[in-house]
Amino acid sequence: MKNIIIFGPPGSGKGTQSSHLIDKYNLTHVSTGQVIRSEIAAKTEIGKQVDELIENGQLVPDHLIIRLLTDWLEKQEESNGIIFDGFPRTTKQAVALKNLLSKKGQDVNIMISLEVPQEELVNRLVMRGTQSGRSDDKLRTIEKRIKIYKEITAPVIDFYKQENTYVSINGVGTEKEIFEEIIQKIDQLTN
Ligand code: AMP
C-alpha cells in the first residue's frame, strides 16, 4: 500500500509529478484544487461559497475541504494507494487525514515535499497562467498563495517529521531527474 502526499508550494510541480507516479505505481489520485474547481464549475453550494476565496488565492476553510475529501474517500474502491495532491494544507487537515485513513487500517506512507525557490515558483506560475486560464494564476494572487503556503501550509512539515514519513526533494531540475529522485525515496520507504 502506497498512500503518498505530494506536498509543496504552488508551482512546485505537484501535479506533474503526481501524473508520473500514478502511472508508475498504478495509484488513485486526488487533487483537492481540482475537486474545488469542479465544484465551482458545477455551481454547487460549496462551489458558490468558495469561488471568491479561490480567486483571491486564499485557502478553503478546513471544515469544507475536509468534508469534500471525506466524501471523495468514501467513494473509492480498494486500490494500490492514493496520491494526495494539495492536501493537507493545514495541520488540522493532516490530523483529519490520519483519522480518515486509520478507519481503513491505513496511514500516510510517505510525504514528499518539493523544494523550489520563490523566484522560480513565480516564473513558473506566471507562465502557467498564460495557458491554464486559472483565475488564481495572476501575479498578485500568485504572491499571496506563496505567502499563505509559507505561513500556514509549510508548518505541516513538522507533523510529518514527527510521523517519520517526511522526505525533502529538490524540485528544480528536469521532470525526469526529479521523478527518479522521488521513486528512489518511495522505494526505500514503502513496500
Ligand atoms: P491547487 O490546485 O492545489 O493549487 O489549489 C487551488 C486552490 O484551491 C488553492 O489556492 C486553495 O484556494 C484551494 N485548495 C486546494 N486544496 C486545498 C486545501 N487542502 N485546503 C484549503 N484550500 C485548498
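Hydrogens, waters and symmetry mates are skipped; everything else that's a heavy atom, side chains included, is used. Just follow the structure's listing: the first ligand is 1, and inside any ligand the first atom is 1. We number each residue from 1, following the sequence as shown.
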- Message: Just checking Gln188: does its CD atom have more than 12 heavy atoms from other residues, nucleotides or ligands closer to it than 6.0 angstrom?
- Response: yes

- Closest non-hydrogen contact found for Ser113 with Ile157 is OG-CD1, 3.9 Å

- Task: For residues Leu68 and Ile36, report the shortest heavy-atom separation together with the two atoms involved.
- Result: CD1-CD1, 3.6 Å

- Query: Are the charged groups of Lys48 and Glu45 less than 4.0 angstrom apart, N to O?
  - Reply: yes

- Measure the shortest side-chain to side-chain distance between Asn3 and Thr190 over non-hydrogen atoms and say whether it is less than 4.5 angstrom. no

- Item | Within the 4.0 Å heavy-atom sphere of ligand 1, strictly under, residues | Thr32, Gly33, Arg37, Ile54, Gln58, Leu59, Val60, Ile65, Gly86, Phe87, Arg89, Gln93, Arg134, Asp136, Arg145

- Could you label the plane-to-plane angle of the Trp72 and Phe84 rings as parallel, tilted or perpendicular, counting under 30° as parallel and over 60° as perpendicular? perpendicular

